[in-house]
Number of protein chains: 2
Amino acid sequence: MATDQLSLIFGALADPTRRAILARLSEGEATVTELAEPFDISLPAISRHLKVLETAGLISRSRNAQWRTSRLEAAPLRDVVAYMEKYRRFWDERLVRLEQHLERMQQEDQS
Amino acid sequence: MATDQLSLIFGALADPTRRAILARLSEGEATVTELAEPFDISLPAISRHLKVLETAGLISRSRNAQWRTSRLEAAPLRDVVAYMEKYRRFWDERLVRLEQHLERMQQEDQS
DNA sequence: ATTGTATTTAACGCATCAGTTAAATAACGG
DNA sequence: CCGTTATTTAACTGATGCGTTAAATACAAT
């Protein structure tokens, strides 16, 4: 995958397991074993998903004794929202309706 | 990659070339050759990027004689924004400040 | 019919991803 | 020190991603 920040973020979000991990973390910090519990995959697999999320900046991790707890990080999500902003006029229904309205007004002016 | 809609969308957005194509399309429809022009990669490669974007629903395509023009589609971007909503409290600075404020208030009440 | 232009499909190479099991590392608790 | 628990690293596998070139397809124009 490309190594720029947005690609890392989108790439991390492209996997359902990783999105589920983020969803779980949105309810609070958790250890690797806790995060792995709902899934039918091995701990090393979870461990690497966490690494992907960490590289994308979507989580941060800290060490408590032998446990490594993960927590959700906000910044990259804000980056995604900022990126989406560029396309607001394409997905914001209100804005689309406004544009259509203005278009109609202009046509009426011309006729 | 997983085949659910969100994975397809995020996966499509994870590539810089595809994001550049979307950016170009936000200025208006374009043919494959036009879209390929800024890049140093072959037409078949572009063709497949377009297929990925189409599968994700991010573009639609139509045929005009021997040209296939692509146009940006809004719906999946709206899906992404809806997804981000779940995490609003983590990326919305205003909301974070409000939460911090309420937390402080509560601490003051206790002391 | 033939040639030219636009695009896709096929076949391939190489790198990366997502999973596995087995072994290594880290830290705790007796 | 030793065993247990938590997690990561290593080595491997199969699938997928992204690029290539060559061939096929679709349509236009003469």
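This one's a predicted model, so the numbers in the text were calculated from it and none came from an experiment. Chain letters run A, B, ... following the sequence lines, proteins first and then strands; every chain starts at 1. Scope of the values below: all heavy atoms of this structure, side chains included, with no hydrogens, waters or symmetry mates.
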Quickly work out the [X] [atom1] to [N] [atom2] distance and round it to whole Å.
| X | N | atom1 | atom2 | value |
| --- | --- | --- | --- | --- |
| A:Glu54 | D:dT8 | CD | P | 9 Å |
| A:Leu50 | D:dT9 | CG | C1' | 15 Å |
| B:Leu8 | D:dG17 | CG | P | 10 Å |
| A:Leu53 | C:dC17 | CG | C1' | 14 Å |
| A:Glu37 | D:dA6 | CD | P | 13 Å |
| B:Arg63 | C:dT5 | CZ | P | 18 Å |
| B:Ile21 | D:dC18 | CD1 | C1' | 12 Å |
| A:Arg61 | D:dT7 | CZ | P | 9 Å |

Tell me whether B:Arg19 is salt-bridged to A:Asp4, with the criterion being a basic N under 4.0 Å from an acidic carboxylate O. yes
Is it true that B:Lys51 and B:Glu54 make a salt bridge, defined as a side-chain N closer than 4.0 Å to a carboxylate O?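 Answer for the salt bridge query: no.
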Hey, which sits more toward the 5' end of DNA chain C by its nearest nucleotide, B:Gln66 or A:Val52?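 It is B:Gln66 whose nearest nucleotide is closer to the 5' end.
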Taking the nucleotide of DNA chain C with the nearest heavy atom to each, does A:Trp67 or A:Asp40 sit closer to the 5' end?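 The 5'-side residue here is A:Asp40.
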Classify the nucleic acid contact of B:Asn64 as base, sugar-phosphate or nothing, counting any heavy atom under 4.0 Å across all strands shown.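 No contact.
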Checking all strands, does B:Leu43 fall into the base, sugar-phosphate, or nothing category for heavy-atom contacts under 4.0 angstrom?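 B:Leu43: base contact, heavy atoms under 4.0 Å.
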Can you tell which of [options] lies closest to the side chain of [X]?
| X | options | answer |
| --- | --- | --- |
| B:Arg68 | D:dT9, C:dT7, D:dT8 | C:dT7 |
| B:Pro44 | C:dA18, C:dT9, C:dA26 | C:dT9 |
| A:Arg18 | C:dA18, D:dG19, D:dT16 | C:dA18 |
| B:Ser42 | C:dA6, D:dT21, C:dG19 | D:dT21 |
| B:Ala65 | C:dA10, D:dT8, D:dA28 | D:dA28 |
| A:His49 | C:dA6, C:dG19, D:dG19 | C:dG19 |
| A:Thr17 | C:dT20, C:dG19, D:dT7 | C:dG19 |
| B:Val32 | C:dT7, D:dT5, D:dT7 | C:dT7 |
| A:Thr31 | C:dT20, D:dT7, C:dA27 | D:dT7 |
| A:Thr33 | D:dA6, D:dA26, C:dA27 | D:dA6 |

Only one of B:Arg94, B:Arg104, B:Arg89, B:Arg88 passes salt bridge (Lys or Arg N to Asp or Glu O under 4.0 Å) with B:Glu99; say which it is. B:Arg89
Test B:Leu58 against every option in B:Leu22, B:Ile21, B:Val52 by the side-chain contact (heavy atoms from CB on, under 4.5 Å) rule and name the one that passes.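 Of all the options given, the one that passes is B:Leu22.
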What about B:Arg48: does its side chain form a donor-acceptor pair under 3.5 Å with the base of D:dG17?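 When only heavy-atom distances are counted, B:Arg48 does not reach the base of D:dG17 through any donor-acceptor pair under 3.5 Å.
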If the cut-off is 4.0 Å, is A:Ser47 near the phosphate of D:dT8, judged by side-chain N/O to OP1 or OP2?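 A:Ser47 to D:dT8 OP1/OP2: side-chain N or O found under 4.0 Å.
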C:dT9 phosphate, OP1 or OP2, under 4.0 Å from B:Lys51 side-chain N/O: yes
A side-chain contact here means heavy atoms from C-beta on lying under 4.5 Å apart; do B:Arg48 and B:Leu43 qualify? no
Nearest 0.5 Å, please: how far is CZ in A:Arg71 from CZ in B:Phe90?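 Atom-to-atom, B:Phe90:CZ and A:Arg71:CZ are 8.5 Å apart.
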